[in-house]
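Only heavy atoms go into these numbers, but all of them, side chains included; no hydrogens, no water, no symmetry mates. These figures come from a predicted structure and were not determined experimentally.
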Amino acid sequence: MQANKKILAALALTTLAGTAQAADEVVVYSARIDELIKPVFDQYTAKTGVKVKFITDKEAPLLARLKAEGENTPADLLITVDAGNLWQAEQEGVLKPLQSKVIDANIPSQYRSSTGAWTGLSLRARTIVYSTERVKPAELSTYEALADQNWEGRLCLRSSKKVYNQSLTATLIETHGAAKAEQVVKGWVNNLATDPFADDTALIQAIDAGQCDVGIVNTYYYGRLHQQKPDLKAKLFWPNQADRGVHVNLAGAGVTKHAPHAEAAQQLLEWMTTEEAQGVFAGVNQEYPANPQVAPSKEVAAWGSFKADSIPVEVAGKRQAEAIRLMDRAGWN
């Protein structure tokens, strides 16, 4: 009996030690590749002593994993890209709504969940890219105008399967209504120079090679390719500056519903919205800081300033299913 008591006491001490150790660590499930988030976590650890363990995977497997793990998940924080994915995670019940004066003060409301379940951390514009050899900027105006007949056989698009395009289409529906949005998307499909691409980088390379003249891409893909190829024969154009503005989406994060260390996770998330962290987070990713008090990196700033669409980004999630059906009807593969 005495021996059993000693064993139980030892186990209790071991459990307490493990809990204390775990309290000094935050576990993050991240859909961002390691090199895009590690510098931020390293800085946080250096500042606070709290270790950040991160596990990277695609958006869908991470969401499935959180749902399967339920209350037993080791994850404290979920980081993913696109408001559509964040909204989906919120609807699936894997995120914990927060009340945070820090986040509310640092991040504009249009880049946060209305319930407090997630917040944007960095922004990307999904904008027009054009050939500097075959297109004059004066020929460009709006996303909608790319459906005009003069772009027939000249447009390149990424697959409709990618959430980035689903979110763009969702905002078209929000702005114009379903009938007008479908007319625009059908016009885009009719103007395609080739089948949709699997990724934005390949699309930009196709413009550079002369396969098409214009396309729609996320700005950071352009930034990364331009770094590798400074003589790239393609540039960015900011559409809809006379009306609603450029479609902006984000990468963001939320504390998981069953976070073992919810308070520590919230502290990390709040810090990631501060001026100290925002420059690092956005700079590494070649994105725009979600905190408007922080200037973008020199390279990102060199692309020029623009008026952004003021539609709350969570619309991308709310209208995602409707957008997918519309894209299917339009024949966008």
- line: For K235 and Y222, the nearest pair of non-hydrogen atoms, with its separation, is CA-OH, 3.8 Å
query: Which pair of non-hydrogen atoms, one from I107 and one from N291, has the smallest distance, and what is that distance?
result: CD1-N, 3.8 Å
task: Among K257, K67, R65, find the one that has a salt bridge (charged side-chain N to carboxylate O under 4.0 Å, His left out) with E92.
output: K67
Indicate yes or no for a side-chain donor-acceptor contact from [X] to the backbone of [Y] under 3.5 Å, with no hydrogens or angles considered.
X	Y	value
N191	D148	yes
E133	K233	no
S160	W332	yes
D200	N218	yes

query: Under a single-linkage rule joining Ile, Leu, Val, Met, Phe, Trp and Tyr whose side-chain heavy atoms are separated by less than 4.5 Å, which residues share a cluster with I311?
result: V315
SB check [X] [Y] (cutoff 4.0 Å):
X	Y	answer
E35	R224	no
K38	D42	yes
E322	R319	yes

Answer yes if [X] and [Y] sit in the same cluster of Ile, Leu, Val, Met, Phe, Trp and Tyr residues linked by side chain heavy atoms under 4.5 Å apart, and no otherwise.
X	Y	answer
I324	V185	no
V294	L123	no
W87	V313	no
V102	L121	no

- prompt: Does any donor atom in the side chain of H176 or E144 lie under 3.5 Å from an acceptor atom in the other side chain?
  reply: yes
Residues D82 and S167: side-chain donor-acceptor under 3.5 angstrom: yes
- line: For K162, the side-chain contact (heavy atoms from CB on, under 4.5 Å) test, sequence neighbours excluded, returns E59, R158, Y164
statement: Residue set satisfying side-chain contact (heavy atoms from CB on, under 4.5 Å) with N72, at least two apart, ordered chain then number -> none
- request: For this output row, return yes or no: ring centroids of Y288 and Y111 closer than 6.0 angstrom.
  value: no
- request: Mind running side-chain contact (heavy atoms from CB on, under 4.5 Å) on W151 and L140 for me, showing each step along the way?
  value: CA-CA 10 Å; W151 295 109; L140 299 165; 3.6 Å; yes
- line: Distance col, row L250:CG vs T119:OG1, nearest 0.5 angstrom, shows 8.0 Å
